[in-house]
Structures are given as C-alpha cells and as structure tokens.
Amino acid sequence: MQAAVMYGGVVVKGSVNSNSTSLAVCFSRAQKGRKQKQLSSSIDFSNANCQLLSSSSSSCMPHRTSCFGLRLDSFSMGTELTRSSLFRSRPIVKALASGGGGVGDVEEGRPIKSVEDANYVVLPQQQQGKASTGTVFPFVGVACLGATLFGYHLGVVNGSLEYLAKDLGIVENTALQGWIVSTLLAGATVGSFTGGTLADKFGRTRTFQLDAIPLTIGALLCATAQSVQTMIIGRLLAGIGIGISSAIVPLYISEISPTEIRGALGSINQLFICIGILLALVAGLPLAGNPIWWRTMFGISAVPAVLLALGMAFSPESPRWLFQQGKFSEAEKSIKTLNGKERVADVMTDLTVGSQGSAEPEAGWFDLFSSRYWKVVSVGVALFFFQQMAGINAVVYYSTAVFRSAGIASDVAASALVGASNVFGTTIASSLMDRQGRKSLLITSFFGMAASMLLLSLSFTWKALAPYSGTLAVLGTVCYVLSFSLGAGPVPALLLPEIFASRIRAKAVALSLGMHWAANFVIGLYFLSFVNRFGISSVYLGFSGICLSAVVYIAANVVETKGRSLEEIERALNPTI
C-alpha cells in the first residue's frame with residue numbers, strides 16, 4: 001500500500017507494508033525558482049523515537065515533525081515527531097490504493113484533488129482536542145460593538161429627526177429631511193463594498209480599526225452640525241462606517257468561532273444590531289424635555305467607535321486570513337488565543353487541507369461572476385434580496401400607524417414593542433442555530449413572515465374582520481417581526497461567510513451586503529409611493545408572495561452548514577478546490 005504525507009508545499013510519498021513496521025518515503029518539495037528536489041527516506045515505526053532517516057546522498061539530517069496517524073485494518077501506525085525547518089504545519093496523511101492495500105483500509109476519508117485518487121485520513125476522535133470556547137467570547141463582544149453601532153445609527157434618526165429639523169431650520173423641507181435619512185444608506189452601500197477589499201488587504205482587526213475613523217468623525221460632525229450640509233456629510237461618513245461593519249463583523253465572528261458554537265455566536269451579530277436600535281430608542285427619551293438632546297444622541301455614538309478601535313488592538317487576527325497570507329506561526333498563535341493550545345494542530349490541519357490545490361491569490365471582483373463561483377455567490381445575493389424585499393423595513397416604518405389604528409397612541413410604546421419582539425426572537429434563534437440548522441430556520445422564518453403578511457393584508461380589507469382589525473394588525477406585525485428575527489434576520493449574515501470559499505469570502509460577503517443596502521434604500525424610497533398608489537393591503541399581499549418565493553428558493557438552493565467547519569463546507573461546495 002502507498003501513503004503520502006503532505007505539508008503545504010511539501011509532498012511525502014511512500015509505500016506501507018502491513019506486515020512490517022517501516023514506511024519508505026520520497027520527499028518532493030517544489031521550491032520557488034528551482035527544480036523539484038527529492039529525497040528518498042524511510043520511517044522506522046519500530047523505533048520509539050521514530051526518526052525519519054535519509055537514504056539519499058544529500059546532507060539531509062534526521063527530521064522530526066508533529067504527530068500523525070494512519071490506521072489500517074491490520075495495525076495502527078502513529079508517530080510522535082517534532083517540527084523541522086522542512087515543514088511548516090501539521091502533516092496531512094493520505095492513503096493511496098495500490099496493490100493489496102485499498103482505500104477501504106482507511107477508517108475515515110474524503111476525496112482530495114491534490115493527490116489523485118487519495119483520501120484524507122483524520123486522527124482518531126479521542127486524539128482530537130476540545131475547543132476552549134470561552135476564550136473567544138471577549139473578542140466576539142468587541143466585534144459586536146460594530147454591530148451595535150450598525151443598529152444605533154439606523155435607529156437614532158427616527159426619534160431625533162423632528163427636533164434636528166427644527167434646529168437646522170428644515171421643518172418644511174421634507175426633501176432635505178429625506179436626504180438626512182437616506183444618506184446613511186447610500187454611505188452604507190459604499191462601505192459594504194469597501195469593507196471586503198480592506199479586510200483582504202489589511203486583515204480583519206486592522207479593518208475594524210480603520211472603520212472606527214469614519215464612525216467617530218461622522219458622529220462628531222452630526223453632533224456639532226450647524227448646517228444641513230455638515231449633517232449630511234456626517235451621516236454619509238457614519239453610513240460608510242456601518243457599511244464596513246456590516247461586512248466584517250459577521251466575517252470575523254465566523255472565522256474565529258469554534259465550529260460547534262459558530263451558529264450561536266454568528267447570530268449574536270443580529271442580536272446586537274437589535275440592541276443598538278433599542279439603545280437609540282432609549283437615548284431619545286429625554287428629547288421631549290430637552291429639544292437639543294438630539295446632538296448628544298449622535299455624539300455618544302463616538303464612544304463605542306473608539307472602544308472598537310482600542311479593543312481590536314488587543315484582539316487576535318483571523319487565523320484563516322493569517323494562514324492565507326503565509327503567516328503560519330502567527331496563525332497558530334491566534335488559534336491558541338481563541339481556542340486553546342489543544343486545538344492548534346486540528347485547526348491548522350483543517351486550514352492546510354482547505355488550502356491544498358488552491359494556492360491561488362485573492363479573488364478579484366470579476367471572479368465573483370465567473371462560472372466557478374457565481375452559483376454560490378448568487379445564493380448570498382439572493383438571501384439579502386429576499387430579506388429586504390420581504391418588507392421588514394416597511395413593517396417597521398408603518399408600525400406606528402398600525403399601532404395607532406389599534407389605539408396605541410404612543411410612538412415610543414409601538415417602537416419598543418417591535419424592538420422587544422426583534423430582540424426576543426433573535427435570542428431564541430441564537431439558541432436554535434446549532435441545533436435546528438440554518439436552512440430549516442430560514443424556511444420556517446420566511447413561511448411565518450408570509451403568513452403574518454397575509455394576516456396584515458386581510459386585517460385591512462376583509463370586512464368580517466373589521467371589528468378586530470386593529471388587534472389583528474398588531475398581532476400580524478409582532479408575529480412578522482418575531483418570524484423575521486428567528487431566521488431571515490440573523491441567518492444570512494451568518495451563512496454567507498460559511499458558504500463562500502476562502503479566496504472570495506470577504507468580497508462575496510461585501511457584494512451580498514451591497515444588495516442588502518441597495519434593497520433597503522429602494523424600499524425606503526418607494527414604499528410610501530407604492531402604498532399611495534396600490535393601498536397598504538395590496539403591498540402587504542405582495543410582500544407575502546415574496547416571502548413564499550423565498551421559501552421555494554431556499555429549499556432548492558441553500559445548503560445546511562450546521563456542525564461543519566468552514567474548510568469542510570468549502571470543499572463540499574467547491575470540489576475543484
């Protein structure tokens with residue numbers, strides 16, 4: 001039987017005799033700018049030290065590497081080897097069918113392109129270390145400051161617009177008020193595309209620190225604005241900042257989280273967005289007694305932006321980004337900080353397997369539209385399209401009027417009810433993400449949204465329900481928001497970094513988030529016009545149809561990623577890698 005040990009750019013091939021205790025191998029190392037160099041050697045398994053002895057004329061000294069195991073039906077081979085300058089990461093052991101030995105002799109395996117007809121052999125389960133999951137939480141918390149600012153800047157203008165309009169002298173100019181609101185979304189669209197490029201070039205943590213610049217300056221400009229122009233510039237900068245955050249927060253969390261809790265941690269991103277919106281609501285409570293409080297509302301958002309920059313100075317870089325840059329020792333150090341030293345070898349193995357046969361440079365924007373990647377990229381774009389076009393922002397915008405029709409006159413109470421429903425649903429979703437799976441939550445969520453939209457539509461038109469229309473409208477709104485927060489809200493931002501290949505991940509997430517902001521902008525711009533032309537009942541019925549279309553699309557195109565590492569998902573979706 002033949003076997004191969006692969007170490008990044010090093011391939012070690014040889015033959016195994018199941019009746020003996022030795023493995024004859026041949027090292028084949030491609031060196032940049034040089035011809036391939038080969039060394040014939042053997043591993044003696046009868047020796048406790050298990051030295052790798054060179055039999056070539058080269059001055060190759062005995063080498064030791066990390067631990068690897070190859071379990072056959074007749075016996076189990078294991079070596080305890082230390083690291084040498086020849087190797088850069090944990091070896092990847094593969095077994096090749098040859099002669100009497102076959103692939104069936106290997107206990108666990110999956111196809112890998114880098115060695116023809118080869119199977120990857122994982123370590124026995126008892127040898128794999130368990131993740132120290134608690135160490136990752138502080139760094140996820142720091143990243144979620146970006147998500148909190150995302151939600152805060154979206155919500156801060158709702159309560160303060162009336163007061164800042166008076167202060168800036170634009171009470172009668174609804175067009176300028178609209179620009180103050182929508183400029184944030186335009187900036188976020190630009191920021192979402194920029195975030196992917198910055199994350200690829202400078203790394204995830206450095207991009208967070210750069211993101212704090214427009215977030216801080218934008219907040220201060222809004223707080224001190226004496227003219228509409230200054231206010232719009234401040235909102236534009238804040239929009240660019242939250243656009244970058246929307247791209248890199250879920251990306252960073254997915255790349256540093258252990259597989260077994262990645263779903264729960266990924267959904268925290270949406271939870272903190274909801275918390276940010278609620279904080280903006282709470283921050284607006286003193287406005288009635290202090291009309292210039294709106295300046296403080298904008299100014300205090302600079303504080304978490306500064307904390308984000310400081311926190312990222314002490315947070316580990318994404319091990320996957322470091323590995324892609326060839327910074328293997330730094331990647332190991334990052335893994336040790338995030339998951340504990342027990343998991344360093346296992347995670348490095350996953351990263352090495354994921355990189356085999358794919359030593360390609362980072363993808364360009366046009367690569368996303370190639371036949372190789374567009375199918376999976378289109379899933380990400382479609383999920384955010386359905387998320388926004390299903391009507392979540394329209395429901396939030398119109399919720400005040402809906403609640404007033406039910407006799408709830410307080411805007412704060414109406415907004416608090418919607419916000420509390422969103423936070424509650426997202427909290428439930430985070431506990432279900434790694435148990436129920438992403439795909440099932442998405443389908444359940446969009447189906448619930450379709451039913452809620454249908455209820456809302458009927459409550460406005462069906463005469464038999466007229467006596468209960470107000471109550472049904474509130475019930476439909478709350479059920480819609482709850483359904484949204486169970487899947488359609490948190491899952492897309494979590495799922496996208498999971499399904500995209502490592503070389504396109506940052507840019508593909510950015511492209512999908514660009515669709516999110518563009519659709520958000522269109523809904524905000526044209527929703528009231530559609531309501532005036534077709535009526536709110538018809539618009540809600542249209543949203544219900546979109547939600548049902550999303551259910552069909554998800555069932556046919558979205559893959560389940562629960563319990564699988566990013567590298568496993570990448571190999572499943574991109575078999576050519």
Side-chain angles (χ1 to χ4, degrees), residues 136-157 183-225 230-256 268-273 275-277 279-280 283 295-318 321-322 334 493 497 506 509-510 513-514 516-517:
V136 78
F137 293 147
F139 310 117
V140 170
V142 172
C144 282
L145 287 172
T148 305
L149 286 169
F150 179 170
Y152 188 87
H153 280 290
L154 283 177
V156 70
V157 75
T183 300
L184 182 84
L185 303 179
T189 304
V190 174
S192 65
F193 286 108
T194 307
T197 302
L198 292 175
D200 279 342
K201 184 175 180 62
F202 299 110
R204 298 5 176 181
T205 55
R206 183 62 58 86
T207 301
F208 273 113
Q209 292 177 308
L210 292 173
D211 184 32
I213 297 174
L215 285 171
T216 303
I217 296 176
L220 295 177
L221 284 177
C222 290
T224 58
T230 303
M231 188 71 190
I232 288 176
I233 292 173
R235 290 284 284 173
L236 180 65
L237 288 174
I240 291 173
I242 68 170
I244 294 174
S245 292
S246 69
I248 61 174
V249 171
L251 177 66
Y252 180 71
I253 292 176
S254 70
E255 290 187 341
I256 69 171
I268 288 178
N269 173 54
Q270 180 68 21
L271 177 62
F272 273 84
I273 292 173
I275 290 174
I277 295 173
L279 288 176
R295 295 186 179 276
T296 304
M297 292 173 64
F298 282 97
I300 58 177
S301 64
V303 176
V306 173
L307 292 177
L308 176 64
L310 293 175
M312 279 298 159
F314 299 97
S315 298
E317 181 54 81
S318 161
W321 183 82
L322 291 170
S334 179
V509 169
L513 264 297
H516 167 276
W517 291 113

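For the single chain, residues carry numbers from 1 onward in sequence order.
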Steps toward side-chain contact (heavy atoms from CB on, under 4.5 Å) verdict (V157, R235): CA-CA 10 Å; V157 75; R235 290 284 284 173; 3.7 Å; yes

May I have the step-by-step check of side-chain contact (heavy atoms from CB on, under 4.5 Å) for F193 and L513, ending in yes or no? CA-CA 8 Å; F193 286 108; L513 264 297; over 6 Å; no

Start with the C-alpha gap between L149 and L145, add the side-chain angles, then the distance that decides, and say whether side-chain contact (heavy atoms from CB on, under 4.5 Å) holds. CA-CA 6 Å; L149 286 169; L145 287 172; 5.5 Å; no

Hey, mind stepping through L210 and F202 against side-chain contact (heavy atoms from CB on, under 4.5 Å) and telling me if it holds? CA-CA 10 Å; L210 292 173; F202 299 110; 4.0 Å; yes

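With salt bridges taken as basic N to acidic carboxylate O contacts below 4.0 Å, none links R204 and E317.
In this structure the side chain of S245 reaches within 4.5 angstrom of the side chain of L215, judged on heavy atoms. Residues K201 and T207 form no side-chain contact, since every pair of their non-hydrogen atoms from C-beta on lies 4.5 Å or further apart. Looking at S192 and H516, their side chains never come closer than 4.5 Å, going by heavy atoms from C-beta outward. Residues T148 and L279 have side chains in contact (heavy-atom distance under 4.5 Å, counting atoms from C-beta outward). Contact annotation: the side chain of S246 approaches that of W517 to within less than 4.5 Å [non-hydrogen atoms, C-beta and beyond].
Rounded to the nearest 0.5 angstrom, E255 CD and I248 CD1 are separated by 11.0 Å. How far CE of M312 is from OG1 of T205: 7.0 Å, rounded to the nearest 0.5 Å. Rounding to the nearest 0.5 angstrom, the gap separating the OG atom in S334 from the CD1 atom in I256 is 8.0 Å. The distance from the CD1 atom of I242 to the CZ atom of F150 is 6.0 Å, given to the nearest 0.5 Å. The distance from the CD1 atom of I240 to the CD1 atom of I213 is 12.0 Å, given to the nearest 0.5 Å. Summarising the geometry, atom CG belonging to L271 is positioned 8.0 Å from atom SG belonging to C144; distances are rounded to the nearest 0.5 Å.
Between Y252 and F208, the two ring planes are perpendicular [angle over 60°; tilted spans 30° to 60°].
Contact record, N269 with A493: ND2-CB, 3.8 Å, taken as the closest heavy-atom pair. Between A219 and A302 the shortest heavy-atom distance is CB-N, 3.8 Å. Heavy atoms only, all atoms of each residue included: T194 and V190 are closest at OG1-O, 2.9 Å. Considering all non-hydrogen atoms of both residues, I253 and A143 come closest at CG1-CB, 4.4 Å. Here the closest non-hydrogen pair linking A280 and M297 is O-CE, 3.9 Å. The two residues D211 and P214 have their closest heavy-atom pair at O-CD, 3.1 Å.
Of the possible polar contacts, one joining the W321 side chain to the D200 backbone as a donor-acceptor pair under 3.5 Å is found.
Evaluated for a side chain to side chain contact (heavy atoms under 4.5 Å, CB included) with L221, the options T216, I232, I233 yield exactly one hit, I233.
In this structure, R295 places its CZ atom where more than 12 heavy-atom neighbours from other residues, nucleotides or ligands lie under 6.0 Å away.
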